[in-house]
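Down below is the structure, laid out as structure tokens.
Note that the numbering runs from 1 along the sequence shown for the chain.
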Amino acid sequence: MVVARMRKRGIMGERSDLEALKAALDAYEAPSAEWTDELWELYGRTEAEEHVLRVKPDGWTDELWEQYRSTEVPEPHPPLTPEQKHLFARERERERRMSEAQHLLEALNKRREEAGLLAPEAAAALAERWVRMNLYAFAGVRLLYGLGAPHGEAALLRLVVDDTLDRADRQVVREWLILLRRPRNQALGRQPQEGETPLLPPEVRGLADAWGTEGPGVRIAMNRDNAAAVRAALVALLPPRRLAVPEPPPEMVSAGSEDSEERPDWVDVRILLRDLMPHPRTVTRERMAEVRREAARMGMETDGDFAERWTTRIGAWLAGSLFSWLCTGRVERVGLAPWAVELAEQCVLRGFAAEEAERFLDLSADIDPRSVAVLGRLKESGAI
């Protein structure tokens, strides 16, 4: 009996929240066309003034209180006209209603976490409407992520390709969609690659543990046999001529800040590549095609020869990790063989892993005159 009553209360509470959220979204009004940049600025000043603490806290001296007020209270604004007062009052009421709607979304998400939702399709539809209204997208996206497949995932897949959404909101959608689909993509990445067509040279496929990650990415001992393998891999990866666009692109964000709203699309493509092709041996034509399909589903740019561009980029990341490996051995003759300096020069000249190649030359210049000579030629030619 107790369980039945609790379940009934849960059903009624969920239904009540869904109905209240639907009513709030139905009644939503976007700010009117009367608003100008100047009015928004004035509105912000009046709101800031309203929210500044007006009562002196217990224990504060008059001097401290006046100092606080002089720094925190905004400059007085001109008296508001009756029209402005009316407009600002409408905006405050609109914001209050949307705040209530956001709390309802958060309450539904909490209910989902604690006991699940009995009407996930209805909840997903309302959360999708919320995001499309260009409000606080995160509240709706978080609920959709929690709902998962089929309803939450389907809504996120529709939203991520909707050009009418604000770019920052679409970025939030994409971040959570990548997280939602990560288990599926990583499971595909772990599958054996028998019968698939490799895209990287054989000299590379068995060499590195991983690519495109923080750190060297090449976890092998420093000895002459392995140095020969590194040399063979770099020779195999080196493009025959200078690339039209240097690869890889500069790291605009670090691996720890990939949630930046300003990050370029290629950072998100790299996340998919890592999940679906985690090792050089798994970089195959078939998996690259799946990466392209997944990127297109998420609204990323996939024009041109996608496989060629991204195979070259992965190769450049790998070459960079190989030069990092050589940097760790620069105090040994293994890391300072003439071929290493020559290949570093060629990589810089061809715009391929140039940053790591130049770093290797810089680090070895204090103990190898060949690196000094190469750096001089590169500077003279304008390559660095």
Those residues that, when tested against R287, pass side chain to side chain contact (heavy atoms under 4.5 Å, CB included) (two or more places apart): Q191, Q193, E196, M277, T282, T284
Which heavy atom of L349 sits nearest a heavy atom of S381, and at what distance? CD2-OG, 4.5 Å
Please enumerate all residues that pass ring pair (Phe, Tyr, Trp, His ring centres under 6.0 Å) together with Y28, with sequence neighbours excluded. none
Donor-acceptor pair between E106 and Q102 side chains, under 3.5 angstrom: yes
Point-to-point distance, once rounded to the nearest 0.5 Å, from SG of C347 to CG of L243: 9.5 Å
Whether the side chain of R350 engages the backbone of P239 through a donor-acceptor N/O pair (distance < 3.5 Å, no angle test) should be reported. yes
Do P248 and F352 have side-chain heavy atoms sitting under 4.5 Å apart? no
Would you find a donor on one side and an acceptor on the other, under 3.5 Å apart, between the side chain of R309 and the backbone of D303? yes
Contacts of R190 that satisfy salt bridge (Lys or Arg N to Asp or Glu O under 4.0 Å) - sequence neighbours left out: none
If you take the centroid of each ring, where Trp contributes its six-membered ring, are W35 and Y43 closer together than 6.0 Å? yes
In terms of hydrophobic clustering (I, L, V, M, F, W, Y; side-chain heavy atoms under 4.5 Å; direct or indirect links), are I314 and L188 co-clustered? yes
Are any of the side-chain nitrogens in R293 or E290 under 4.0 Å away from the carboxylate oxygens of its partner? yes
Around atom CD of E380, are there more than 12 heavy atoms from other residues, nucleotides or ligands closer than 6.0 Å? no
Would you list the pairs meeting ring-ring contact (aromatic ring centres under 6.0 Å, His included) in which at least one residue belongs to residues 172-193, sequence neighbours left out? F138-W176, Y145-W176
Cluster overlap W317 with V267, hydrophobic side-chain contacts below 4.5 Å: yes
Is the closest basic N to carboxylate O distance between D305 and R292 below 4.0 Å? no
Taking the side chain as every heavy atom from C-beta outward, state whether L361 and D368 have any pair of such atoms under 4.5 Å apart. no
How about CD on E121, more than 12 heavy atoms from neighbouring residues, nucleotides or ligands closer than 6.0 Å, or not? no
K379 NZ to R377 CZ distance, which is reported to the nearest 0.5 Å: 13.0 Å
Does the side chain of F306 come within less than 4.5 Å of V291's, by heavy atoms? yes
How long is the span from the CG atom in N109 to the CG atom in L144, to the nearest 0.5 Å? 9.5 Å
If I compare all heavy atoms of F323 with all of A340, which pair ends up nearest, and what's the gap? CE2-O, 4.1 Å
Residue set satisfying salt bridge (Lys or Arg N to Asp or Glu O under 4.0 Å) with R129, at least two apart, ordered chain then number -> D26
Partners passing salt bridge (Lys or Arg N to Asp or Glu O under 4.0 Å) against D163 (at least two apart in sequence or in another chain): R170
Less than 3.5 Å apart, which donor and acceptor atoms pair up between the side chains of residues 152-162 and the rest of the protein, not counting sequence neighbours?
{"from": "E153", "atom 1": "OE2", "to": "R181", "atom 2": "NH1", "distance (Å)": "2.9"}
{"from": "R158", "atom 1": "NE", "to": "E128", "atom 2": "OE2", "distance (Å)": "3.1"}
{"from": "R158", "atom 1": "NH2", "to": "E128", "atom 2": "OE1", "distance (Å)": "2.8"}
{"from": "D162", "atom 1": "OD1", "to": "T164", "atom 2": "N", "distance (Å)": "2.9"}
{"from": "D162", "atom 1": "OD1", "to": "T164", "atom 2": "OG1", "distance (Å)": "2.6"}
{"from": "D162", "atom 1": "OD2", "to": "R132", "atom 2": "NH1", "distance (Å)": "2.2"}
{"from": "D162", "atom 1": "OD2", "to": "T164", "atom 2": "OG1", "distance (Å)": "3.2"}

Partners of A119 by side chain to side chain contact (heavy atoms under 4.5 Å, CB included), sequence neighbours excluded? E14, L18, A122
Taking the side chain from Q186 and the backbone from P183, do they hold a donor-acceptor pair closer than 3.5 Å? no
Who passes salt bridge (Lys or Arg N to Asp or Glu O under 4.0 Å) against R97, sequence neighbours left out? E93
Only one of V204, L318, L343 passes side-chain contact (heavy atoms from CB on, under 4.5 Å) with L234; say which it is. L343
Not counting sequence neighbours, list each pair that qualifies as a salt bridge (charged side-chain N to carboxylate O under 4.0 Å, His left out) and has a residue in residues 313-322. E247-R313
What's the shortest heavy-atom distance between W266 and P249, and which atoms? CE2-CG, 3.4 Å
Is the closest basic N to carboxylate O distance between R94 and E91 below 4.0 Å? yes
List in chain and number order the residues that pass side chain to side chain contact (heavy atoms under 4.5 Å, CB included) with E34, two or more places apart in sequence or in another chain; answer none if no residue qualifies. S32, L87, R90
Assess whether a salt bridge exists between R359 and E355, defined as any Lys/Arg side-chain N lying under 4.0 Å from an Asp/Glu carboxylate O. no
Is it the case that atom CD in E308 sees more than 12 heavy atoms from other parts of the structure closer than 6.0 Å? no
Can you name the side chain to side chain contact (heavy atoms under 4.5 Å, CB included) partners of T311, sequence neighbours left out? L199, L200, M288
Minimum heavy-atom distance A316-A353, with the two atoms named: O-CB, 3.5 Å
Evaluate whether atom CZ of R285 has more than 12 neighbouring non-hydrogen atoms of other residues, nucleotides or ligands under 6.0 angstrom away. no
